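Model, not experiment: these values are computed from the prediction.
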Amino acid sequence: MTDCRLVENELVLILHCDAEKLGEYEPYINNAAACISTHLKDIKTENDSRIVRLCAAKAYYQIVLSENEDDITSFKAGDVSYTRASSSVTRARAILDAAKSDCSDLIKNSSFSFVTV
């Protein structure tokens, strides 16, 4: 499994927070590291910087999903309107997708392919 301390260091950069704040996110970090490790082609790459980044991105995405209380992107009541330009969930998803793409050569392809009967 990927070293969770490395994931924590990467998550500090993504969250822009101090190391003390990470204590409450430990379950997300552990879960991300365990989940990603099951998809590795080679266990030797578990602490590759791209895998560490993927674990941090996955943890960040789960954190954002758990803390996101409103998904309002547009609201109008009479003359008053509110639109949120960008969502933290959208940002987290973009970070996760980029991390997945960056280490696609290290992850098993789990897509299903039906060739012949």
Side-chain angles (χ1 to χ4, degrees):
M1 188 168 88
T2 302
D3 185 348
C4 290
R5 289 175 298 173
L6 296 173
V7 178
E8 288 174 0
N9 293 339
E10 188 69 30
L11 194 55
V12 165
L13 299 173
I14 295 172
L15 285 170
H16 306 290
C17 71
D18 57 14
E20 292 179 24
K21 177 79 171 160
L22 289 180
E24 64 189 75
Y25 300 137
E26 187 176 344
Y28 297 103
I29 294 167
N30 292 335
N31 182 56
C35 182
I36 297 301
S37 70
T38 64
H39 297 287
L40 296 177
K41 286 181 182 177
D42 186 356
I43 195 71
K44 295 176 193 171
T45 62
E46 67 186 353
N47 289 321
D48 181 285
S49 62
R50 295 175 292 164
I51 296 298
V52 171
R53 177 95 174 147
L54 178 58
C55 291
K58 183 170 180 60
Y60 176 62
Y61 184 66
Q62 293 300 318
I63 291 165
V64 169
L65 286 178
S66 70
E67 293 181 347
N68 194 23
E69 294 181 11
D70 63 350
D71 289 333
I72 298 171
T73 55
S74 183
F75 173 77
K76 185 170 182 175
D79 293 335
V80 178
S81 65
Y82 170 79
T83 302
R84 189 166 67 190
S86 67
S87 167
S88 56
V89 173
T90 303
R91 177 180 179 266
R93 186 70 206 181
I95 290 171
L96 180 58
D97 289 344
K100 281 181 183 178
S101 176
D102 290 344
C103 62
S104 61
D105 60 320
L106 304 175
I107 303 291
K108 295 175 195 169
N109 184 352
S110 60
S111 62
F112 177 75
S113 176
F114 186 78
V115 183
T116 61
V117 178

Are the side chains of L54 and R50 in touch, meaning some heavy atoms are under 4.5 Å apart?
no
When you compare the side chain of C4 with that of N30, does any pair of heavy atoms fall below 4.5 Å?
yes
So how far is it from I63 CD1 to K21 NZ, rounded to the nearest 0.5 Å?
9.0 Å
Indicate whether the side chain of R91 and that of Y60 have a donor and an acceptor atom separated by less than 3.5 Å.
yes
Given L6, which of N47, D48, I51, L11 fulfils the side chain to side chain contact (heavy atoms under 4.5 Å, CB included) condition?
N47
For the residue pair L40 and I107, establish whether any side-chain heavy-atom pair is separated by less than 4.5 Å.
yes
Does a side-chain N-to-carboxylate-O contact under 4.0 Å join K41 and D105?
no
Would you compute the distance between atom OH of Y25 and atom OG of S66 and round it to the nearest 0.5 angstrom?
7.5 Å
Single-linkage hydrophobic cluster V52~V12, side-chain heavy atoms < 4.5 angstrom
yes
Ignoring hydrogens, what is the shortest heavy-atom contact between A57 and I14? Give both atom names and the distance.
N-CD1, 4.1 Å
Check whether N31 reaches the backbone of A34 with its side chain - one donor and one acceptor, N or O, closer than 3.5 Å.
no
NZ-CG distance between K100 and L106, expressed to the nearest 0.5 angstrom
14.5 Å
Rounding to 0.5 Å, atoms SG (C35) and CD (Q62) come to a distance of 8.5 Å
Grab the two heavy atoms, one from V89 and one from Y61, that are nearest each other, plus how far apart they are.
O-CE1, 4.1 Å
With heavy-atom distances below 4.5 Å as the criterion, would you say the side chains of I36 and K58 are in contact?
yes
Using modelled atom types and a 3.5 Å cut-off, is there a donor and acceptor pairing between side-chain atoms of T2 and backbone atoms of E46?
yes
E10 (side chain) donor-acceptor with A56 (main chain) under 3.5 angstrom:
no
With a 4.5 Å limit on heavy-atom distance, are the side chains of I29 and C55 in contact?
no
